[in-house]
K.L.:
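Here it is, the structure in full.
Since we're looking at a predicted model, the values are computed, not measured. Counting starts at 1 for both ligands and their atoms, following the listed order.
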Amino acid sequence: MTPVPVHLVDHPLVHDALITLRDKSTPPEAFRRAATRISVLLAAEALQTVKTTDVTVDTPLGPAPGRMLGRDVVVVPVLRAGLGMLDAVLELVPDARVGHIGLQRDEMTAVASQYYSKLPARLDQSDVLMIDPMLATGGSAVAALDLLERAGALSIRMICIVAAPEGVALVEKHHPQVDIYTPVVDRELNAHKYIVPGLGDFGDRLYGTI
Ligand code: PRP
Ligand code: URA
């Protein structure tokens, strides 16, 4: 099988937002703003390859040729942390349809279990962008991608903010056709399956539930 394409998004503004997210002294409000900032940039990069259609519109001074999105975009945050990236994507694609997948890692085993799913119809005709900031063991990503594929999705990209080698490898094994966009693949996972150096628990830092 062809290895999963990992696109390292190496923009100075991405790294600037990432270092704010990593800093343990960043409070939830600044954390949320940095999450939005980085997500705009990651989503723009991930959607660079979506198909467009040629159109002409009338400006007040005459016809102007241009391009518009040629396919339906569906964005799927993995709850709860993925919600911190959703507004950014909707800013870029205001008419995107939104699906939700709820997954929670067990605190002891780090195994993800599903507690919610609501996906739009006709996923086979859509470009799906799955958003989840942390790709650690990869268990959550693979569970969410399994669900999306079972629901018919054929074109899936995912964006995350920090990835671990183990997570990338698991997605590579189970979903080699999915493109991953991330600023960074960190060193390793610790004994509790947290990414090191990572940024801690994204959901807890986003919502102040530490
Ligand atoms: C986090 C994160 C991912 C998952 C990554 O969610 O948002 O979904 O962990 O870990 P994995 O690659 O080892 O599966 P968590 O389960 O902590 O739930 P939350 O978003 O509700 O905080
Ligand atoms: N989930 C997080 O929020 N952080 C990690 O480092 C791993 C999983």
K.L.:
Going by side chain to side chain contact (heavy atoms under 4.5 Å, CB included), name the residues that satisfy it together with Ala88, two or more places apart in sequence or in a different chain.
P.N.:
Thr36, Ser39, Val40
K.L.:
Which N/O atoms of ligand 1 sit under 3.5 Å from a protein N/O, and at what distances?
P.N.:
unit_1	atom_1	unit_2	atom_2	d
ligand 1	7 (O)	Asp132	OD1	2.8
ligand 1	8 (O)	Asp132	OD1	3.3
ligand 1	8 (O)	Asp132	OD2	2.6
ligand 1	12 (O)	Ala136	N	2.9
ligand 1	12 (O)	Thr137	N	3.1
ligand 1	12 (O)	Gly138	N	2.8
ligand 1	13 (O)	Arg105	NH1	2.7
ligand 1	13 (O)	Thr137	N	2.9
ligand 1	13 (O)	Thr137	OG1	2.6
ligand 1	14 (O)	Ser140	N	2.9
ligand 1	14 (O)	Ser140	OG	2.5
ligand 1	16 (O)	Arg105	N	2.7
ligand 1	20 (O)	Arg80	N	3.0
ligand 1	20 (O)	Ala81	N	2.9
ligand 1	21 (O)	Arg80	N	3.3
ligand 1	21 (O)	Arg80	NE	3.1
ligand 1	22 (O)	Arg80	NE	3.3
ligand 1	22 (O)	Arg80	NH2	3.1

K.L.:
How does Arg105 reach ligand 2, if at all, at less than 4.0 Å between non-hydrogen atoms: by side chain, backbone, both, or neither?
P.N.:
side chain
K.L.:
Need the ligand 2 atom indices (1-based, order shown) with element for anything under 4.0 Å from a heavy-atom of Lys193.
P.N.:
7 (C)
K.L.:
Output yes when a side-chain donor or acceptor of Asp58 lies under 3.5 Å from a complementary backbone atom of Gly62, and no otherwise.
P.N.:
no
K.L.:
Regarding Arg32 and Thr26, is there a side-chain donor-to-acceptor distance under 3.5 Å anywhere?
P.N.:
no
K.L.:
Can you report which non-hydrogen protein atom sits closest to atom 5 (C) of ligand 2, along with the distance?
P.N.:
Tyr194 CD2, 3.3 Å
K.L.:
So, using side-chain hydrogen bond (donor to acceptor under 3.5 Å, both in side chains) as the criterion, who are the partners of Thr59 when residues are at least two apart?
P.N.:
none
K.L.:
Test your reading of the model: is there a side-chain donor-acceptor pair from Arg205 to the backbone of Leu199, 3.5 Å cut-off?
P.N.:
yes
K.L.:
Which residue supplies the protein heavy atom nearest to atom 4 (N) of ligand 2, what is that atom called, and how far is it?
P.N.:
Gly200 O, 2.8 Å
K.L.:
Starting from atom 6 (O) of ligand 2, find the nearest protein heavy-atom neighbour and note its residue, name and distance.
P.N.:
Ile195 N, 2.8 Å
K.L.:
Who passes salt bridge (charged side-chain N to carboxylate O under 4.0 Å, His left out) against Arg22, sequence neighbours left out?
P.N.:
Asp186
K.L.:
Please state which protein non-hydrogen atom is closest to atom 3 (O) of ligand 2 and give its distance, to 0.1 Å?
P.N.:
Phe202 N, 2.8 Å
K.L.:
Looking only at protein heavy atoms, which one is nearest to atom 7 (C) of ligand 2, and how far off is it?
P.N.:
Ala136 CB, 3.6 Å
K.L.:
Main chain of Val128, side chain of Ser126: is a donor-acceptor contact present, judged purely on distance under 3.5 Å?
P.N.:
no
K.L.:
With salt bridge (charged side-chain N to carboxylate O under 4.0 Å, His left out) as the test, pick out the partner of Asp127 among Arg122, Arg97, Arg157, Lys51.
P.N.:
Arg157
K.L.:
Leu135, Ile161: one ILVMFWY side-chain cluster at the under-4.5 Å cut-off?
P.N.:
no
